[in-house]
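All values below come from the heavy atoms of this structure, side chains included, with hydrogens, waters and symmetry mates left out. Here is the naming used below: chain letters follow the sequence lines, and residue numbers restart at 1 for every chain.
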Protein chains: 2
Amino acid sequence: MHPAQLPAFLQAAGIRPTRQRAALAAILFDGAPKHMTAEQVHAAARTRRSKVSLATVYNALHQFTEAGLLREVLIDSARVYFDTNTDAHHHFFDEASGDLHDIPAAAVKLARLPKPLKGRKVARVDVIIRLC
Amino acid sequence: MHPAQLPAFLQAAGIRPTRQRAALAAILFDGAPKHMTAEQVHAAARTRRSKVSLATVYNALHQFTEAGLLREVLIDSARVYFDTNTDAHHHFFDEASGDLHDIPAAAVKLARLPKPLKGRKVARVDVIIRLC
DNA sequence: GTGATTGCAAATCTTTTGCACTAAA
DNA sequence: TTTAGTGCAAAAGATTTGCAATCAC
């Protein structure tokens, strides 16, 4: 996305477009899908000489997630990945390299999913294929 | 499993059956499938008046996992669950209560799984159905 | 005995929080 | 203005580590 569009993009998501949030959005929503940790986003901001504190990175990532702009992916106990692809899809995780790759939802077919317990709705289904 | 069988059980898995490991195995492998965190195992040991340090709990859980007696399940970024069910199966995670429930592998049908990248083998497939 | 295991406390790492300061509307 | 957002440093949790003491074989 063009940097100039970011403030409007954030505003449309109900997020006040501050300088820091626009800088982080520019890193995350440049068009290429990404899976980044908070630390990686922070490092990327530093590389671009965007002054944003780590606490603000965490705040922003959670706000973006809550607004549906990002999605958390839990692969590794050590850290949370934030995925810019919020469509239903799944993941390959390469244990050797630590790389995460998207699998389009259509590539996986879930048949005979059991019914959730009474009163509960399925929020999301995650499929993680671990490779070694 | 009967407590008296635990030493042999551990030994069969290539693990030296120390007092602490037998005490932890008694908590974990009592027959009922469980999903426990290190802290929960530690608390259970304390309740039974088995003196085991938290560091030893972590050591033992990882050794049991490496030996194939347990399986790690990542659901929540805050902690790792150790599952006594090492057969292929999946999980319901109730976000409201934090409860984790097993789904037998047969209840989920994965069709059209994409081929892993060249040279890589599928180590394991995790399906997590998050309920709200 | 001898090497593996344990306990403890300190260290590490990720993430959160409290609060004074600053910026957006 | 007035409220939301930010930065910093400290706190919180989970997990790991270093090392001397202890245990299994």
Original post:
Going by the angle between their ring planes, with limits at 30° and 60°, are B:His62 and B:Tyr58 parallel, tilted or perpendicular?
Top reply: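 Correct class here is tilted.
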Subject >> Parallel, tilted or perpendicular: rings of B:Phe9 and B:Phe29 (30°, 60°) >> reply: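 Plane angle over 60°, so perpendicular.
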Interatomic distance, [X] [atom1] vs [N] [atom2] [rounded to whole Å]:
X	N	atom1	atom2	value
A:Asp76	C:dT15	CG	C1'	15 Å
A:Asn59	D:dC8	CG	P	14 Å
A:Gln40	C:dC13	CD	P	16 Å
A:Tyr58	C:dT15	OH	C1'	5 Å
B:Gln20	C:dG7	CD	P	4 Å
A:Leu10	C:dA24	CG	C1'	14 Å
A:His42	C:dT15	NE2	P	13 Å
B:Ile15	D:dC23	CD1	P	21 Å

Original post:
In terms of side-chain heavy atoms, does B:His35 have a donor or acceptor partner in B:Asp102 at a distance below 3.5 Å?
Top reply: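 On atom types as modelled, these side chains qualify, holding a pair under 3.5 Å.
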Original post:
For B:His91, which of B:Asp126, B:Asp83, B:Asn85 qualifies under side chain to side chain donor-acceptor pair (under 3.5 Å)?
Top reply: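 Of all the options given, the one that passes is B:Asp83.
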**OP:** Take B:Phe64 and B:Phe82 through the test ring pair (Phe, Tyr, Trp, His ring centres under 6.0 Å) and record every step on the way to the result.
**Re:** CA-CA 10 Å; B:Phe64 291 0; B:Phe82 292 87; 9.5 Å; no
Within the pair [X] and [N], is there a side-chain N or O less than 4.0 Å away from OP1 or OP2?
X	N	value
B:Gln63	C:dT5	no
B:Arg21	C:dT6	yes
B:Thr18	C:dT6	yes
B:Arg79	D:dT15	no

Subject >> First encountered from the 5' end of DNA chain D, between B:Ala78 and B:Arg19 >> reply: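 Closest to the 5' end, via its nearest nucleotide, is B:Ala78.
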Subject >> DNA chain C-proximal residues of residues 43-55 of chain A, any heavy atom under 4.0 Å >> reply: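 The answer is A:Leu54, A:Ala55.
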**OP:** Test side chain to side chain contact (heavy atoms under 4.5 Å, CB included) on A:Leu69 and A:Leu10 and set out the steps.
**Re:** CA-CA 9 Å; A:Leu69 270 32; A:Leu10 293 177; 4.1 Å; yes
Subject >> Whether over 12 other heavy atoms sit under 6.0 Å from B:Glu95 CD >> reply: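 Yes, because the 6.0 Å sphere around CD of B:Glu95 holds more than 12 heavy atoms from other groups.
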Original post:
When we call it a touch if two heavy atoms are under 4.0 Å apart, what does B:His62 touch: a base, just sugar-phosphate, or nothing?
Top reply: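 Touches sugar-phosphate only.
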